[in-house]
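All residue numbers in this chain count up from 1 along the given sequence.
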Amino acid sequence: MSSVATAGIGSAGLIDRKNGTIIYASNLNMRDVNIAKKFEDELGIPFSLENDANAAAYGEYIKSGADCSSFIFITFGTGIGGGIVINGEIYRGFNGIGAEFGHTTLYRDGKECICGRKGCWEMYASATALIEQTKEAIEKHPDSAMKKIADEQGGVSGMTAFLAAKAGDKYGQEVVEQYVQYVSEGIINIINIFQPQKIVLGGGISNEGDYFLNPVKEYIRKYSQSSALPQSEIEIATLFNDAGIIGAALAAKHVKE
Ligand SMILES: [Zn+2]
């Protein structure tokens with residue numbers, strides 16, 4: 001009802017959007033903090049609160065998917081997060097914690113996940129998982145270029161296997177190939193449920209650009225349900241770290257009217 005501008009906050013954790021409260025955010029060490037009110041009191045303008053993954057998804061949607069009736073953003077970082085935008089609205093599930101793509105099962109009885117289940121997608125396709133897979137490969141093949149790269153860079157990162165693969169290292173290429181399959185299998189699950197018009201991939205891994213995107217697209221194309229129908233477009237995120245900031249601001253404008 002107000003014509004006053006609303007500012008937005010994107011935060012990790014479990015969010016109560018209506019009240020502007022962070023119910024629980026383990027990474028921020030916050031429990032039951034009415035963050036929106038704190039900002040409002042301090043700055044004198046209304047604030048709305050959004051989950052950071054949803055905020056990032058909304059930012060990417062406005063940037064590169066605003067013409068799409070169904071849009072999905074997936075971010076590959078410490079875990080796997082993301083958001084769903086349908087007909088211009090963030091879809092959160094009835095209780096606000098939907099779109100937890102990372103905790104869908106890739107392998108029954110697979111690796112144990114913090115959520116209590118086993119074989120969750122993020123145990124195989126997050127950046128954390130890629131780092132683990134790279135370390136395992138280095139242990140098995142100490143002569144791999146990955147070892148040299150890791151030594152030079154002061155440790156294994158999500159880039160190590162990609163750098164080695166690009167330099168022609170066979171073991172690096174194996175790690176990347178396997179990782180691409182883990183990523184793609186999860187995306188195919190999402191496509192089979194939503195058939196979204198566009199999927200945008202973000203997180204640190206998206207810095208690899210086409211070297212990562214092209215094999216993912218190729219793998220997914222092989223398992224398309226019907227090649228006679230239009231297929232989901234898959235792109236790399238363009239806003240990177242700004243997605244959450246821009247999305248939180250735009251979503252705020254959208255929420256309170
Ligand atoms: Zn899980």
Counting only pairs under 3.5 Å, give me each side-chain donor-acceptor contact of residues 194-204, with atom names and distances, residues two or more places apart or in other chains.
from, atom 1, to, atom 2, distance (Å)
Q195, NE2, I191, O, 3.3
Q197, OE1, S69, N, 2.9
Q197, OE1, S69, OG, 3.3
K198, NZ, S64, O, 2.5
K198, NZ, E235, OE2, 3.3

Does one hydrophobic cluster hold both I74 and V183, with members joined at side-chain heavy-atom distances below 4.5 Å? yes
F47 and L14: same hydrophobic cluster, using ILVMFWY side-chain contacts below 4.5 Å? no
Separation between CD1 (I84) and CD1 (I190), nearest 0.5 Å, reads 8.0 Å
I'd like to check the side-chain hydrogen bond (donor to acceptor under 3.5 Å, both in side chains) partners of N189; sequence neighbours left out, ordered by chain and number. none
Enumerate the residue pairs fulfilling ring-ring contact (aromatic ring centres under 6.0 Å, His included) with a member in residues 69-89, sequence neighbours excluded, ordered by first and then second residue. Y61-F71, F76-W121
If you measure from the Lys or Arg side-chain nitrogens to the Asp or Glu carboxylate oxygens, is any gap between E136 and K140 under 4.0 Å? no
Minimum heavy-atom separation for A243 to E60, with atom names? CB-OE2, 3.6 Å
How many angstroms lie between CD in Q225 and CD1 in I188, if you round to the nearest 0.5 Å? 9.5 Å
Quick one: ring-ring contact (aromatic ring centres under 6.0 Å, His included) pairs with a partner in residues 126-149, sequence neighbours left out? H141-Y171
Between K147 and D143, is there a side-chain N and carboxylate O pair less than 4.0 Å apart? no
Spacing of K63 atom NZ and T238 atom OG1 [to the nearest 0.5 Å]: 3.5 Å
Would I23 and L28 show up in the same hydrophobic cluster when neighbours are defined by side-chain heavy atoms closer than 4.5 Å? no
Kindly work out whether a path of hydrophobic side-chain contacts (I/L/V/M/F/W/Y, heavy atoms less than 4.5 Å apart) joins L163 to I205. no
Rounded to the nearest 0.5 Å, the CE atom of M146 sits from the CG atom of D151 at a distance of 12.0 Å
For K38, what residues pass the side-chain contact (heavy atoms from CB on, under 4.5 Å) criterion, not counting sequence neighbours? V33
Less than 4.5 Å apart, any side-chain heavy atom of I246 and any of I62? no
Applying side-chain hydrogen bond (donor to acceptor under 3.5 Å, both in side chains), can you list everything that pairs with E208, at least two apart in sequence or on another chain? K166
T75 and G82 have their tightest heavy-atom pair at CG2-N, 4.0 Å
Student check: side-chain heavy atoms of L49 and I22 closer than 4.5 Å: yes
Inspect the surroundings of CD in E139 and state if more than 12 heavy atoms from other residues, nucleotides or ligands are less than 6.0 Å away. no
Is a side-chain N or O of D169 found less than 3.5 angstrom from the main chain of S144, in a donor-acceptor match? no
Does a donor on one side chain sit under 3.5 Å from an acceptor on the other, for R17 and S48? no
With sequence neighbours left out, which residue pairs that include part of residues 94-118 fulfil the ring-ring contact (aromatic ring centres under 6.0 Å, His included) condition? Y107-Y124
Is it the case that over 12 heavy atoms from other parts of the model lie below 6.0 angstrom from the CG atom of N29? no
To the nearest 0.5 Å, what is the distance between CG (D16) and CG (N95)? 11.5 Å
Decide yes or no on side chain to side chain donor-acceptor pair (under 3.5 Å) for E185 and Y223, but give the supporting numbers first. CA-CA 9 Å; E185 287 290 347; Y223 298 101; 5.5 Å; no
Common cluster, I187/M123, ILVMFWY with side-chain heavy-atom separation under 4.5 Å: yes
Between CG of N54 and CD1 of I97, what distance do you get to the nearest 0.5 Å? 11.5 Å
Can a donor-acceptor pair be found, under 3.5 Å and without considering hydrogens, that links the side chain of T105 to the backbone of R108? no
Can you list the residues that meet the ring pair (Phe, Tyr, Trp, His ring centres under 6.0 Å) rule with F212, with sequence neighbours excluded? none
With side chains defined as the heavy atoms from C-beta onward, is the minimum distance between Q231 and K217 less than 4.5 Å? no
Quick one: side-chain hydrogen bond (donor to acceptor under 3.5 Å, both in side chains) partners of R221, sequence neighbours excluded? none
Quick check: are there more than 12 heavy atoms from other residues, nucleotides or ligands sitting under 6.0 Å from CD of E177? no
For the side chain of N51 and the backbone of A12, is there at least one donor-acceptor N/O pair under 3.5 Å apart? no
Would you please name every residue forming a side-chain hydrogen bond (donor to acceptor under 3.5 Å, both in side chains) with E174, sequence neighbours left out? none
Kindly give the heavy-atom pair with the smallest separation between T134 and A161, and that separation in Å. OG1-CB, 3.8 Å
Quick one, I45 and T6 - any side-chain contact, counting heavy atoms below 4.5 Å? no
Is it true that a side-chain atom of S157 and a backbone atom of M159 form a donor plus acceptor pair closer than 3.5 Å? yes
Under a 4.0 Å N-O cut-off, is there an ion pair linking R92 with E50? yes
Does any part of the side chain of M30, heavy atoms only, come nearer than 4.5 Å to the side chain of I35, both counted from C-beta? yes
Verify, without hydrogens or angle tests, whether Q133 (side chain) and V175 (backbone) share a donor-acceptor contact under 3.5 angstrom. no
Mind listing the closest non-hydrogen atom pair of K118 and G110 along with its distance? CB-O, 3.4 Å
ring-ring contact (aromatic ring centres under 6.0 Å, His included) contacts touching residues 143-166 (sequence neighbours left out): none
Testing the 3.5 Å rule here: is there a donor-acceptor pair between the side chains of D52 and S11? no
Please name the pair of heavy atoms, one in A55 and one in G10, separated by the smallest distance, quoted to 0.1 Å. CB-CA, 4.4 Å
Can you name the residues that form a side-chain contact (heavy atoms from CB on, under 4.5 Å) with K135, not counting sequence neighbours? I131, V156
Mind listing the closest non-hydrogen atom pair of A150 and I138 along with its distance? CB-CD1, 4.3 Å
